[in-house]
Amino acid sequence: MTTRDLSVQIGPLTLKNPVVAASGCFGYGVEYAHVVDLSLLGGVAVKGLFLAPREGHPPERIVETPAGMLNAIGLQGIGVDRFIREKLPELRDRRATVIVNICGSTLDEYVELARILSDADGVAALELNISCPNIKEGGITFGCSLTGTYDVVSAVKKVTPLPVIPKLTPNVTDVASFARASEDAGADAVSLVNTFLAMAIDVETRRPKLSNIVGGLSGPAIRPIAVRMVYECRRTVKIPVIGMGGIASATDALEFMIAGASAVQVGTANFVDPFIWSKLLDGIRDYMQRHDIARVADLTGTIDTTAREKEWISS
Amino acid sequence: MTTRDLSVQIGPLTLKNPVVAASGCFGYGVEYAHVVDLSLLGGVAVKGLFLAPREGHPPERIVETPAGMLNAIGLQGIGVDRFIREKLPELRDRRATVIVNICGSTLDEYVELARILSDADGVAALELNISCPNIKEGGITFGCSLTGTYDVVSAVKKVTPLPVIPKLTPNVTDVASFARASEDAGADAVSLVNTFLAMAIDVETRRPKLSNIVGGLSGPAIRPIAVRMVYECRRTVKIPVIGMGGIASATDALEFMIAGASAVQVGTANFVDPFIWSKLLDGIRDYMQRHDIARVADLTGTIDTTAREKEWISS
Amino acid sequence: MPVDVEARVIRNTRLSSDYNVIALAAPDIAAATAPGQFVMVKLGRGSTPLLRRPFSVFEVLRTNGHIEGLTLLSKRVGVTTQMLFDAVEGDVVSCLGPLGKPYTPVDPPTEAWMVAGGVGLAPFATLTEVLRAGGTSVTLFYGARTDRDLFYLDWFRDRGVRLVLATEDGSLGDHGRITKPLERELHKGAGGLQPSGAAAGDVMIYACGPEPMLEAVAHVAARYERPCEVSVERVMGCGLGGCYSCVIPVRDGPMGHHYVRSCLGGPVFAADQIAWEAH
Amino acid sequence: MPVDVEARVIRNTRLSSDYNVIALAAPDIAAATAPGQFVMVKLGRGSTPLLRRPFSVFEVLRTNGHIEGLTLLSKRVGVTTQMLFDAVEGDVVSCLGPLGKPYTPVDPPTEAWMVAGGVGLAPFATLTEVLRAGGTSVTLFYGARTDRDLFYLDWFRDRGVRLVLATEDGSLGDHGRITKPLERELHKGAGGLQPSGAAAGDVMIYACGPEPMLEAVAHVAARYERPCEVSVERVMGCGLGGCYSCVIPVRDGPMGHHYVRSCLGGPVFAADQIAWEAH
Ligand SMILES: Cc1cc2nc3c(=O)[nH]c(=O)nc-3n(C[C@H](O)[C@H](O)[C@H](O)COP(=O)(O)OP(=O)(O)OC[C@H]3O[C@@H](n4cnc5c(N)ncnc54)[C@H](O)[C@@H]3O)c2cc1C
Ligand SMILES: Cc1cc2nc3c(=O)[nH]c(=O)nc-3n(C[C@H](O)[C@H](O)[C@H](O)COP(=O)(O)OP(=O)(O)OC[C@H]3O[C@@H](n4cnc5c(N)ncnc54)[C@H](O)[C@@H]3O)c2cc1C
Ligand SMILES: Cc1cc2nc3c(=O)[nH]c(=O)nc-3n(C[C@H](O)[C@H](O)[C@H](O)COP(=O)(O)O)c2cc1C
Ligand SMILES: Cc1cc2nc3c(=O)[nH]c(=O)nc-3n(C[C@H](O)[C@H](O)[C@H](O)COP(=O)(O)O)c2cc1C
Ligand code: FES
Ligand code: FES
């Protein structure tokens with residue numbers, strides 16, 4: 001078996017492979033250190049961080065839906081200072097490629113977070129969470145406005161040498177225009193999708209199943225919408241697109257890459273199988289072998305939209 | 001068992017019960033006459049009609065996805081004249097409550113269709129399909145623009161005495177604003193959701209699984225998003241909301257009604273079980289019995305968002 | 001009128017690592033089925049798979065003249081066929097049918113030539129029963145990748161069916177595609193050398209298999225001016241005419257065609273109706 | 001370190017129309033499990049259900065000292081528990097564990113009083129084994145709706161456990177909730193009348209059951225100044241600290257509290273740590 005080049009380029013950042021843990025689905029990474037060798041992942045996007053610690057929403061915080069789940073965690077978190085003090089050193093020791101997902105209520109908060117994290121040792125990139133659907137003050141006001149997106153990205157770019165990756169919400173009419181606004185503002189890449197705003201009601205009590213009433217839908221259910229959005233963004237911008245939404249197998253990851261993703265993130269599937277990482281990488285390697293692809297990066301955006309031909313396959 | 005009042009009011013139109021077959025998922029209704037007594041349904045929304053016959057897209061037109069399906073039928077259809085000549089008489093004979101789903105490429109086409117159908121015998125209401133994601137000329141340009149929605153609804157209202165129900169697309173940032181524009185333009189109700197624009201790729205061939213590349217996602221996968229959208233619309237407008245998206249059981253139908261729907265439509269689930277109709281109605285009746293609800297219309301929008309109390313349930 | 005039956009699995013026989021024959025207790029459907037009709041089946045709880053899948057009725061099961069159920073011949077290609085492969089006695093399969101337009105059986109002296117590719121064998125067991133009951137002589141042209149994928153040969157032989165086989169690896173019968181022996185025999189027939197004793201022209205061809213095979217058979221049949229019916233295989237969402245997923249282009253003039261739902265207008269079509277050049 | 005095992009079902013015993021005990025061939029997990037720890041299980045193909053579900057390890061199965069696997073005591077309430085109920089020998093259950101903080105066993109002369117509500121019995125079989133091995137005397141306060149929902153009584157009796165029962169319909173033991181006899185015995189104990197011979201105060205309470213029961217037990221324990229550990233039941237998405245779904249409010253001062261992940265910080269907590277008034 002020839003060695004296959006799994007590395008991908010996200011702007012100035014090289015990931016050793018295209019499989020990244022999605023924010024909010026992998027704690028601060030350190031929780032998984034005893035089951036996963038963090039250095040083997042393409043990257044770890046840590047749980048969304050505000051400047052200050054946050055309590056998040058009261059339970060119920062999640063509910064399962066057909067092929068998906070709703071969450072309204074409300075970005076419970078330890079705040080940036082404790083993160084740098086308590087988590088980052090271990091992540092560094094374990095040689096994880098750390099992408100910090102940051103959230104603010106105001107533009108200044110994003111800028112302040114970016115400043116603080118730029119001085120910390122061991123941060124590979126910043127992912128701007130301007131798309132959390134679960135909290136009013138969670139940047140979604142930026143994420144649903146083109147000028148808001150443009151402003152927050154360019155403000156953060158001004159204060160940090162780190163690669164900046166705005167994370168886009170799918171709850172908009174034209175996601176590609178947000179990718180464009182991000183690119184115009186100097187983003188190094190965009191990542192998508194965050195979760196879909198959704199809800200579930202217990203008909204016996206007539207109460208919402210989540211304490212927050214609404215939450216974000218993730219998991220395999222959303223994959224076809226997410227793939228379409230990645231495809232649209234890829235056709236609109238030149239910066240790399242990081243794709244996610246319902247990836248649960250190597251085939252799913254490859255589907256996103258062929259649609260246009262340079263790397264992928266895995267969220268919900270990690271809950272189902274914390275050992276999924278090596279299975280995804282093995283599956284990707286196997287595919288490259290079968291199709292004789294030397295560099296995984298060569299797959300990005302290779303969707304073939306010409307008409308297909310018929311073949312006589314003896315069945 | 002007390003008799004339960006299942007009738008609901010959609011503006012001027014009374015439906016004998018709230019369960020309606022969704023457009024495009026029940027042919028022209030007549031196809032199902034040998035398995036379902038059409039007069040027992042709340043209504044039958046027939047396949048989207050253009051003025052002229054249409055061939056639709058080449059196969060593959062559907063593909064299954066986790067808890068959902070994509071379709072890109074491309075509104076194959078017989079056109080309004082043949083519909084009135086060949087299908088409407090049988091629907092009338094079978095005492096179906098017929099909701100005609102109409103599509104146009106221009107505002108004038110919607111107006112012309114409304115005019116023609118207003119003169120036909122046996123049409124209960126018009127559903128304006130301004131939300132089909134699969135064809136460029138399928139009204140989606142109206143459905144994604146507030147003024148477009150307003151204009152097409154008010155133009156149609158001017159020429160028809162029939163109840164007018166614009167069908168909204170979920171592929172927008174703020175669906176409730178489209179419900180509001182519809183209400184302002186004089187719509188008698190709104191229905192939602194149409195399908196979510198999505199895609200799937202065969203990684204072995206790197207080709208899209210649908211000939212049209214993209215298609216619309218329906219089925220249980222989308223239900224939590226659809227319920228949220230119905231909830232938002234109900235809080236924004238006074239006209240009735242007809243809810244749909246992934247309904248496959250009486251519980252699902254009740255969830256939509258509690259969220260704010262006055263009636264529901266069932267699409268994909270009819271493919272899985274063409275005998276679903278009596279099961280849904282039985283389940284709704286049973287629920288009303290258990291909860292001592294005399295009129296199903298009293299359920300609409302009764303979601304209880306006050307905090308819950310703990311109870312000691314011996315488990 | 002189709003019915004929906006929660007059919008118990010009577011038995012499940014594996015024919016190879018990919019093929020199985022599953023017997024289902026659906027006597028009402030079995031009794032009403034004509035050769036070439038299909039059922040829509042669904043297995044499993046929840047929504048994996050979400051939609052039903054179409055399968056030809058393979059055999060009608062009779063015990064002392066009493067109809068017990070039906071069988072499906074299934075090839076493992078995905079989630080439902082995997083579940084059909086794994087099913088055990090007592091499991092339940094939701095089965096809706098019979099559906100679709102059947103084949104048109106011929107009467108003697110016309111001969112029936114059935115052309116099957118792989119799992120396309122499925123409709124030909126019931127067709128054989130009907131044809132043989134009417135005294136029609138039957139030939140089965142049956143092709144597969146290898147001899148291990150040719151099943152039920154004795155079943156057909158026992159019913160007096162002449163077998164003409166082909167395998168792509170040459171392990172049994174003709175080496176290559178099944179249209180090779182079909183064309184050879186049609187050629188012989190046209191030359192006056194009646195291989196099976198029938199008068200030239202008195203042959204009706206029935207085909208089922210992958211679409212490129214059907215197209216090839218249709219062209220051969222047309223060349224030798226033999227009537228031909230094909231059973232097409234399109235992705236079906238409902239099987240009842242509701243979804244318009246299963247369409248096939250049907251000729252409506254020398255050049256034109258329009259899409260017809262193969263679950264209602266088919267799956268069996270006259271081969272010359274299909275606009276093969278479209279898709 | 002938790003492991004993920006595709007565990008074969010060794011046997012599945014129905015205890016009632018809702019309860020079953022399923023034995024799984026997961027010896028590595030069984031060997032590493034401490035009383036009160038749990039596993040995350042997943043059944044079925046596809047995404048119904050999507051997520052794993054948490055279950056306490058009920059018994060550790062031993063044959064001649066050799067660890068064979070573990071059992072789960074399951075109550076049928078939804079999709080996964082239905083599948084656990086229906087599973088048959090040979091089926092496969094994906095089983096991840098052991099996870100979470102266990103109970104803290106006490107040593108003699110301190111007595112152990114275990115308080116179980118319904119399926120909350122689950123962690124007390126392994127806890128009994130550990131306590132009895134250390135010579136601790138054990139009492140099980142066990143409440144359910146009716147006597148038909150009280151299981152494994154002989155199992156506990158055989159191991160020298162004193163049983164105090166309560167049913168809501170009065171069919172066995174006290175009529176009403178299990179906190180009634182618990183409080184009565186604590187009261188007796190506090191009055192100097194040692195029901196089981198232990199010195200007043202030398203009792204550790206372990207509770208598992210519905211949260212309102214845990215809260216009631218916590219209050220009773222506090223009133224009688226007895227140490228108490230409760231195993232809480234929150235909806236868990238991952239069991240590994242990844243999702244933050246399973247939080248419970250834990251006191252961090254006289255008035256305040258903060259959310260702690262019960263899959264990492266629990267499921268066993270000191271009862272006085274929980275901010276019961278929050279949620
Ligand atoms: C009228 C008719 C009769 C048929 N009779 C038989 C038969 O007797 N025995 C047999 O083994 N097969 C038969 N088929 C094909 C059978 O329907 C497919 O193999 C089956 O649907 C695959 O389902 P799956 O869940 O196992 O595969 P999936 O996991 O759904 O997909 C695997 C592959 O099967 C194809 N496929 C998926 N859904 C359909 C569908 N609804 N219709 C056709 N192809 C599909 C897809 O293109 C995909 O490449 C018939 C098809 C038709 C239309
Ligand atoms: C640490 C821990 C140990 C447990 N041990 C046992 C045990 O030994 N035996 C036993 O029968 N049950 C136990 N439970 C409860 C068990 O997890 C739930 O009954 C199970 O998740 C229900 O799954 P389901 O798919 O059958 O139900 P679902 O169809 O998912 O839902 C049915 C009901 O169960 C509740 N529920 C759903 N998911 C969860 C979840 N992840 N965690 C808790 N509740 C949920 C929902 O609120 C819903 O009302 C334990 C729970 C925890 C947290
Ligand atoms: C429980 C949970 C918590 C999440 N928290 C965050 C977060 O803190 N920041 C963020 O940008 N996205 C968050 N997400 C979104 C995921 O990172 C991801 O975008 C989404 O779940 C889709 O991917 P998936 O289908 O693979 O889960 C969260 C998702 C889940 C399910
Ligand atoms: C195959 C198919 C065809 C459809 N055709 C139409 C149509 O012609 N007009 C329309 O308004 N909606 C059409 N829809 C959308 C449905 O009416 C419905 O809005 C959507 O499928 C969501 O409901 P469901 O999840 O119950 O299917 C179609 C959906 C499917 C699956
Ligand atoms: S399969 Fe639905 S119309 Fe034919
Ligand atoms: S269950 Fe996911 S953090 Fe506890």
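Chain naming here is simple, since letters A, B, ... match the order of the sequence lines and numbering starts at 1 in each.
- With a 4.5 angstrom heavy-atom cutoff, Y32(A) touches chain D only via side-chain atoms.
- The side-chain contact (heavy atoms from CB on, under 4.5 Å) test with Y244(D) is passed by exactly one of N71(A), I62(A), I73(A): I73(A).
- Looking at I248(D), there are no atoms closer than 4.5 Å to chain A (heavy atoms on both sides), in backbone or side chain.
- Annotation for L240(D) and E31(A): closest pair O-CB, 3.7 Å, computed over non-hydrogen atoms.
- Of all heavy-atom pairs spanning E64(A) and L50(D), the tightest one is OE2-N, 2.6 Å.
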- Kindly determine whether D273(A) and K42(D) satisfy side chain to side chain contact (heavy atoms under 4.5 Å, CB included), including the steps that lead there. CA-CA 10 Å; D273(A) 180 5; K42(D) 171 133 165 51; over 6 Å; no
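- For the residue pair F275(A) and P2(D), the shortest heavy atom distance occurs at CZ-O, 3.8 Å.
- Environment of CZ in R95(A): sparse, with no more than 12 heavy atoms of neighbouring residues, nucleotides or ligands closer than 6.0 Å.
- With a 4.5 angstrom heavy-atom cutoff, P220(A) touches chain D only via side-chain atoms.
- With chain A as partner, the option from G239(D), P249(D), C243(D), G46(D) having the largest number of non-hydrogen pairs under 4.5 angstrom is C243(D).
- When the candidates A221(A), A21(A), G68(A), G27(A) are compared by the number of heavy-atom contacts under 4.5 Å with chain D, G27(A) comes out ahead.
- Shown here for Y259(D) and R61(A), the closest heavy-atom pair between the two residues is CD1-NH2, 3.3 Å.
- In this structure, R148(D) places its CZ atom where only 12 or fewer heavy-atom neighbours from other residues, nucleotides or ligands lie under 6.0 Å away.
- Contacts of M236(D) with chain A are made by backbone atoms alone, with heavy-atom separations under 4.5 Å and no side-chain atom involved.
- Put simply, OG on S245(D) and CG on L70(A) are 12.5 Å apart, with the number rounded to the nearest 0.5 Å.
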